[in-house]
Amino acid sequence: MVSYDRIAKLSLERGFYFPSSEIYSNAPAGFWEYGPNGNNIKNKFIELWRRELVRRDDMVEIDGAQIMAKNVFVASGHIDNFSDPVIVCGKCKSILRADKYILEKTGINVPERMSNNEMDKILNQYNLKCPKCGLLFQKSEQFNMMFKVGIGPNNDEAYLRPETCQSIFVDFNRIFKIMRGKLPFPIAQVGKSFRNEVAPRQSLLRLREFYQAEIEIFCNPNQLDTISKFDEIQDTTLTIMEGTKVKKLTAKEALDTKIIPNKLIAYYLSILNEFYEKTGIDMNQTRFRKLSDQEKAFYATIAFDFEFNTSVGWLELVACNYRSNFDLSQHSKISKEKMEIMDPVTNEKVLPHVFELSLGIDRSIYSILEQSFKEDYENNRVVLKLKPYLAPVLAAILPLVKKPELEEIAKNIYYNLKKDFDIYYDGSGSIGRRYRRLEEIGVPFAITVDYDTPNDRTVTIRDRDTMEQRRIEIKDLKSFFEKNRTP
RNA sequence: GCGACGAUCGUCCAGUUUGGUCUAGGACAUCAGAUUGCCAAUCUGGUAACCCGGGUUCAAAUCCCGGUCGUCGCACCA
């Protein structure tokens, strides 16, 4: 049984993740901590992302503030569009979507920008009542999914960012200049975002505070088919879903059949695909789902969701949106800053368009855990088959039994290597028990010091997945670890 | 946010129906020691919990009220 519940339990027991503030009974839902093992996996996941996307594509990476000025979100549209008009019953506290309820009861189609005052007039005019307890509705309110924060003694209005990318858009001009940018120019960022979800659920899958790894590729809209890097990935196989049809095809075929509209998007979807392949998730259980016009965010002209088939259904891991020049033109308008740049390649002045890969780290971590989890009934064990470069611990150094002559050698090996690798020492319990413990958190290698070691300076290396052992000289351990932690 | 159901050591479970015998018991895990020449072995000892706040009562894990969280359904979901 590989299921959401099984992963949740393992995570609690082994410290991958657990509820935040859990010793207090009034802890709010939707906030989770990564424990020591989970944190290590997360860091290694991010490092793999850097390797396969940021460094591969010569991206630059920034780290922006989590609290941003109100006007950032006026420009981005979040103040207006990230909130819903609601009516709250004063008696039974029922919350209803104001616009939907008015439409249902009166047939009046409430436009998105209708003010609360106007909605209140309709409420009174038609004597709309709470469907549960019959109390008359008085006022509509806005429920905004952003967390508002008060800055300084005057409580000046600001917000926790609901997506990390806004800092990238706002900072674009300066970064492009100081990094002597050329289009296409990708800027990456890892960080936290905050959304005041109405009903957060399912631990890492729907959080109020969550990690994103976002990449915003600034590009010249007239040069979307001139990327030479496309050649690197033209044979990469992608699974693309359009409507209800699912097709497997190469990047080149996707481009030729116009499922993917241009080389730039094809290139970035492909390197994203290759990145996820390295995380170890089963690519046969993934797809790029092309969103219909109804499903797309208002700023997106083309959108693909990269999804993974988990035990709780298809899960969106990455939103890939072509945002046109929406963000830069909005920030330019509200801030009065000029955002056009000279494209040094074509020598034309452009307001860059943006294609983004907005990756959910927490959901990816969950997907990797679920994929890695294997119950080996034959050997009566639970194994997390994580790739060595994603494992929280690369190897454990173990004395076969608790004997000073073996312990001393094992501790020496440990002290000599612990600064270079995530390894740990464990001398308690029977050797079999220690192997089982290691398997459950995904440690790929166990190094055992046995009675041959004092004589020939060799140790055994046990492979987590096959349980097979071979001997290696102590002096070769360092290069063995180096080789095996590299993707 | 609504509705239903639930919450006891790290985990799983017993105890709640019918208040007292519960300074809360067991198993697994964990820690210390013994033992151990390679896959959750054995022995001894230890650590460790009644979700929170009120109430009823001589007495509350147990009954009542409120809250929080969790699961599921509805709604919501850039």
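In what follows, chains are A, B, ... by sequence order, proteins preceding strands, each numbered from 1.
Checking B:C38, B:C77, B:G10 against the side-chain heavy atoms of A:Glu13 singles out B:G10 as nearest. Minimum atom distance to the side chain of A:Gln469 is reached by B:C39, of the listed B:G37, B:U11, B:C39. Between B:C76, B:C74, B:G70, one nucleotide has an atom nearer to the side chain of A:Ala29 than all others, and that is B:G70. The side chain of A:Tyr4 approaches B:U71 more closely than any other nucleotide in the set B:C38, B:U36, B:U71. Closest to the side chain of A:Arg437, from the set B:C77, B:U35, B:C31, is B:C31. Among the nucleotides B:U71, B:C38, B:U30, the one closest to any side-chain atom of A:Arg433 is B:U30. Closest to the side chain of A:Leu400, out of B:C38, B:A40, B:U36, is B:C38.
For the pair A:Arg195/A:Phe210, a side-chain contact is recorded, criterion being any heavy-atom separation below 4.5 Å from C-beta on. Between A:Trp32 and A:Pro200 the shortest side-chain heavy-atom distance does not fall below 4.5 Å.
The partner of B:C72, taking Watson-Crick or G-U wobble pairs whose two distances both stay under 3.5 Å, is B:G3. Base pairing annotation: B:U16 forms no Watson-Crick or G-U wobble pair, as no partner gives both donor-acceptor distances under 3.5 Å. Pairing for B:C63 goes to B:G55, judged as Watson-Crick or G-U wobble with the two contacts each under 3.5 Å. Both distances falling under 3.5 Å, in either a Watson-Crick or a G-U wobble arrangement, place B:G10 opposite B:C28.
At whole-Å resolution of the value, CD in A:Gln202 and P in B:G70 are 11 Å apart. Summarising the geometry, the separation between CG on A:Leu207 and P on B:C76 is reported as 21 Å, rounded to the nearest angstrom. Regarding A:Lys9, its NZ atom lies at a distance of 13 Å from the P atom of B:A29, rounded to whole Å. Atom-to-atom, CG of A:Asp452 to P of B:C38 comes out at 11 Å; the value is rounded to the nearest Å. Taking atom CG of residue A:Asn37 and atom C1' of nucleotide B:G10, one finds them 14 Å apart after rounding to whole Å. Note: CD1 (A:Ile23) to P (B:A49) measures 14 Å, nearest angstrom. The CE-C1' distance, from A:Met145 to B:C77, rounds to 6 Å in whole Å. Between A:Phe16 atom CZ and B:G10 atom P there is a gap of 19 Å when expressed in whole angstrom units.
Contact annotation for A:Lys402: base contact, defined as any heavy-atom pair under 4.0 Å involving a base atom. Using a 4.0 Å heavy-atom criterion, one finds that A:Asn26 contacts the sugar-phosphate atoms exclusively. Here A:Gln212 lies out of heavy-atom contact (under 4.0 Å) with every strand. A:Glu163 comes within contact range of at least one nucleobase, with a heavy-atom separation under 4.0 Å. Residue A:Arg195 is in sugar-phosphate contact alone, with no base atom involved, counting any heavy-atom pair closer than 4.0 Å across all strands shown. Using a 4.0 Å heavy-atom distance criterion, A:Pro28 is classed as a sugar-phosphate-only contact.
On the P atoms, B:U21 is 11 Å away from B:A60, given to the nearest whole Å. Taking atom C1' on both nucleotides, B:U8 is separated from B:G15 by 9 Å, rounded to a whole Å. Nucleotides B:U71 and B:C31 have their P atoms positioned 30 Å apart, rounded to a whole Å. Nucleotides B:A40 and B:G1 are separated by 49 Å at their P atoms, to the nearest Å. Going from the C1' atom of B:U16 to that of B:C28 covers 24 Å, rounded to whole Å. Of the C1' atoms belonging to B:G53 and B:C58, the separation is 23 Å, rounded to the nearest Å. Taking atom P on both B:G20 and B:G25, the two are 16 Å apart, rounded to the nearest angstrom. If you take atom C1' in B:G10 and the same atom in B:G46, they sit 16 Å apart, rounded to whole Å.
A side-chain contact (heavy atoms from CB on, under 4.5 Å) with A:Asn39 is found for one member of A:Phe16, A:Tyr17, A:Tyr34 and no other, namely A:Tyr34. Of the candidates A:Gln66, A:Arg161, A:Glu214, A:Arg161 is the only one forming a side-chain hydrogen bond (donor to acceptor under 3.5 Å, both in side chains) with A:Ser167. In summary, of the residues considered (A:Ile271, A:Leu264, A:Leu269), a side-chain contact (heavy atoms from CB on, under 4.5 Å) with A:Tyr267 occurs for A:Ile271 alone.
One can find a donor-acceptor pair under 3.5 Å joining the base of B:C38 and the side-chain atoms of A:Tyr435. Judged by distance alone, with hydrogens and angles left aside, A:Arg206 brings a side-chain donor or acceptor within reach of the base of B:C76, the pair sitting under 3.5 Å. Between the base of B:A40 and the side chain of A:Glu440 there is a donor-acceptor pair shorter than 3.5 Å.
Judged by closest nucleotide on RNA chain B, A:Asp426 is the one of A:Arg471 and A:Asp426 placed further toward the 5' end.
Regarding contacts with the backbone of B:U30, every side-chain N or O of A:Ser428 stays at 4.0 angstrom or more from both OP1 and OP2. Remark: A:Ser430 is not in phosphate contact with B:U36, judged by side-chain N or O atoms under 4.0 Å from OP1 or OP2.
Ring pair A:Phe73/A:Tyr159 is perpendicular by interplanar angle, where above 60° counts as perpendicular and below 30° as parallel.
For the pair A:Arg462 and A:Tyr435, the cation-pi test (distance below 6.0 Å, angle within 45°) is passed.
Looking at A:Asn325, its side chain never comes within 3.5 Å of a backbone N or O of A:Leu328 through a donor-acceptor pair.
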